[in-house]
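These notes are about the structure you will find just below.
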Amino acid sequence: MPPWAAVLALLVVALALLLLRPWKRAVGARTSVRDHEEQEVVSKGPTVQFSDRREPLPGGCSLICKPSALAQCLLRALRRSAALEPAPSSWLSGPHLQTFCHFILPVGPGPELAREYLQLADDGLVALDWVIGPCARGRRVTNTGGLPPVLLVIPNAWGRLTRNVLGLCLLALERGYYPVIFHRRGHHGCPLVSPRLQPFGDPSDLKEAVTYIRFRHPAAPLFAVSEGSGSALLLSYLGECGSSSYVTGAACISPVLRCREWFEAGLPWPYERGFLLHQKIAVSRYASALEDTVDTSKLFRSSSLREFEENLFCHTKSFPISWDTYWDLNDPLRDVDEAAVPVLCICSADDPVCGPPDHTLPAELFQSNPYFFLLLSSHGGHCGFLRPEPLPAWSHEVILESFKALTEFFRMEERMKGLSRRRTSFLGGRRRWGGPQKREVSPSSNLEEIFSWKRSYTR
């Protein structure tokens with residue numbers, strides 16, 4: 001990147017950090033009575049409601065999950081992970097600095113991308129950026145004896161392609177994955193050919209994209225990673241599709257889980273203004289195309305993210321809906337009980353955008369649902385988890401290591417089931433050696449065969 005761009009970005013970060021020092025209001029806290037207590041809670045890391053079923057990990061992290069065979073496998077992998085080892089303190093340790101470096105600094109030289117536009121059922125367009133190079137330190141094969149797994153990456157809901165997303169793609173490519181970045185309608189240079197943008201948690205476009213990816217790579221394992229507010233889209237997809245999602249494993253970096261409360265409480269003002277400005281600039285390119293469906297003058301006068309979201313998707317001219325109805329349709333956790341894929345959520349207790357874990361993370365989801373795992377760190381900011389250059393964010397290493405552990409676990413489960421079936425067939429053949437007998441197959445036995453994988457790692 002040009003030297004002047006780096007200097008300008010650092011000046012902006014320094015100025016922002018000076019302004020951030022007096023902040024005490026946290027997202028999710030409407031009054032100031034408990035501000036001091038909340039700051040103490042953040043500084044101490046995981047709080048009381050996450051003390052149940054909490055497994056300690058290196059580097060001051062902890063894993064919160066329901067006990068299961070898969071949980072033990074994931075726990076062993078994380079305890080062996082070098083990425084979680086405590087690193088010496090550096091100038092990158094502050095949560096606001098981690099967040100600003102992630103969102104504001106120029107992305108620099110990124111990977112080589114091959115773009116495809118996918119036309120949807122309603123004639124809209126989404127974009128898929130396939131990462132095809134480079135591999136700086138040589139490609140490592142992680143799926144020995146099979147096809148390279150596909151890694152579907154979903155950026156944040158604002159359409160900002162960050163340094164960490166590109167860094168994850170490069171690291172995944174080096175580890176033997178085939179990364180592809182999903183861009184919503186009108187995001188990151190994707191043309192808006194129909195007067196419709198994608199609501200916050202509507203997975204219909206993502207469903208068609210996954211179907212296309214499976215068409216191109218029918219035999220390859222599919223993993224998915226989302227960043228920040230983009231996690232609402234991934235979780236909505238996993239909940240709606242259930243065991244038919246085609247996804248082997250998923251991960252969410254700093255997910256926004258209680259989205260409605262997050263919009264209603266508002267963000268600290270630099271983040272609120274920054275994300276709102278980014279939204280207005282992105283949508284302004286399609287102002288003339290949206291005039292027939294949205295009151296654009298009112299939209300661009302919005303003073304908060306909630307007001308902008310409400311004007312864009314609720315107060316439409318053709319089919320207006322209430323704020324309550326909008327979240328009934330777009331809450332990412334509305335069908336969470338139907339999700340049938342292991343999901344690792346990596347969150348930080350000092351996240352300045354999401355707020356403290358007590359207010360923003362549903363502890364019961366991770367303590368009672370065997371498919372959801374929470375890796376809670378004391379530090380890392382929002383989607384940061386940065387380390388000194390040239391090391392990638394430690395969250396990237398952890399995600400890919402967890403996917404490797406999932407792959408090995410499922411392979412072992414399949415091998416054990418195969419041995420059990422062969423043994424049963426051999427013993428059955430000996431019992432029926434005296435003469436041919438017709439084997440009766442009940443419908444329930446077919447269902448058990450199809451869904452046996454679902455029980456194997458939640459026991």
Side-chain angles (χ1 to χ4, degrees), residues 1 6 8-27 38-39 41-46 57-62 83-108 155-156 158 160-168 171 225-231 251-256 262 267-275 278 345-357 360-361 374-399:
M1 66 180 175
L8 179 61
L10 290 174
L11 288 175
V12 172
V13 170
L15 178 61
L17 290 176
L18 290 175
L19 296 173
L20 286 171
R21 292 182 62 85
W23 289 3
K24 288 189 177 181
R25 179 177 177 272
V27 176
E38 289 171 358
Q39 290 298 321
V41 163
V42 171
S43 64
K44 292 178 182 178
L57 293 172
C61 300
S62 57
L84 291 180
E85 291 298 329
S89 59
S90 68
W91 62 277
L92 274 174
S93 58
H96 298 299
L97 189 55
Q98 288 251 339
T99 305
F100 270 82
C101 286
H102 167 63
F103 280 103
I104 291 183
L105 287 183
V107 295
N156 55 67
W158 323 128
R160 167 76 173 165
L161 197 59
T162 60
R163 294 167 57 89
N164 273 8
V165 165
L166 296 177
L168 172 61
L171 183 64
V225 178
S226 59
E227 182 187 62
S229 52
S231 300
C252 302
I253 304 174
S254 298
V256 180
W262 185 72
L267 279 64
W269 68 264
Y271 297 107
E272 179 93 16
R273 296 299 176 184
F275 291 144
H278 186 276
C345 296
I346 301 180
C347 301
S348 172
D350 65 356
D351 190 326
V353 173
C354 290
T360 58
L361 298 178
L374 173 61
L375 176 58
L376 190 56
S377 169
S378 299
H379 305 286
H382 182 71
C383 300
F385 308 104
L386 302 176
R387 296 181 292 184
E389 295 288 349
L391 295 175
W394 62 259
S395 57
H396 302 351
E397 298 270 3
V398 168
I399 287 171

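Counting from 1, the numbers follow the sequence of the chain as shown.
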### Query
Can you name the closest pair of heavy atoms from Trp262 and Cys354 and give their distance?
NE1-CA, 4.0 Å
### Task
Check Gly167 against His396 and note the closest heavy-atom contact, atom names and distance.
C-CD2, 3.9 Å
### Query
Knowing that exactly one of Val398, Ile399, Asn156, Asn164 qualifies, which makes a side-chain contact (heavy atoms from CB on, under 4.5 Å) with Ile253?
Ile399
### Query
How far apart are the C-alpha atoms of Cys347 and Leu361, what are their side-chain angles, what is the distance that settles it, and do they pass the side chain to side chain contact (heavy atoms under 4.5 Å, CB included) test?
CA-CA 9 Å; Cys347 301; Leu361 298 178; 3.8 Å; yes
### Task
Identify, with sequence neighbours excluded, every residue that meets side-chain contact (heavy atoms from CB on, under 4.5 Å) alongside Ser231.
Ser226, Cys252, Pro255
### Query
Trp394 vs Phe385 aromatic rings, parallel, tilted or perpendicular, using cut-offs 30° and 60°?
perpendicular
### Query
Which atom pair, heavy atoms only, marks the closest approach of Pro352 to Thr99?
CG-OG1, 3.5 Å
### Query
Do Ser254 and Val353 touch side chain to side chain, with heavy atoms closer than 4.5 Å?
no
#### Entry: Test side chain to side chain donor-acceptor pair (under 3.5 Å) applied to Glu397 - qualifying residues, sequence neighbours left out
Arg175
### Query
Under a 4.5 Å cut-off applied to non-hydrogen side-chain atoms, are Leu97 and Leu386 in contact?
no
### Task
State, with a plain yes or no, whether a side-chain heavy atom of Asp351 is found less than 4.5 Å away from one of Pro95.
no
### Message
Show the nearest heavy-atom pair for residues Ser378 and Asp350, with the distance to one decimal.
### Response
O-CG, 3.6 Å
### Message
Does any part of the side chain of His382, heavy atoms only, come nearer than 4.5 Å to the side chain of Phe100, both counted from C-beta?
### Response
no
### Message
Evaluate Cys345 against Leu375 for side chain to side chain contact (heavy atoms under 4.5 Å, CB included), listing each step before the verdict.
### Response
CA-CA 6 Å; Cys345 296; Leu375 176 58; over 6 Å; no
## Note on the structure
Tightest non-hydrogen contact, residues Leu161 and Pro155, listed as CD1-CG, 4.2 Å
### Message
My understanding is that only residues two or more places apart in sequence, or in another chain, count here; which of them pass side chain to side chain donor-acceptor pair (under 3.5 Å) with Ser395?
### Response
none
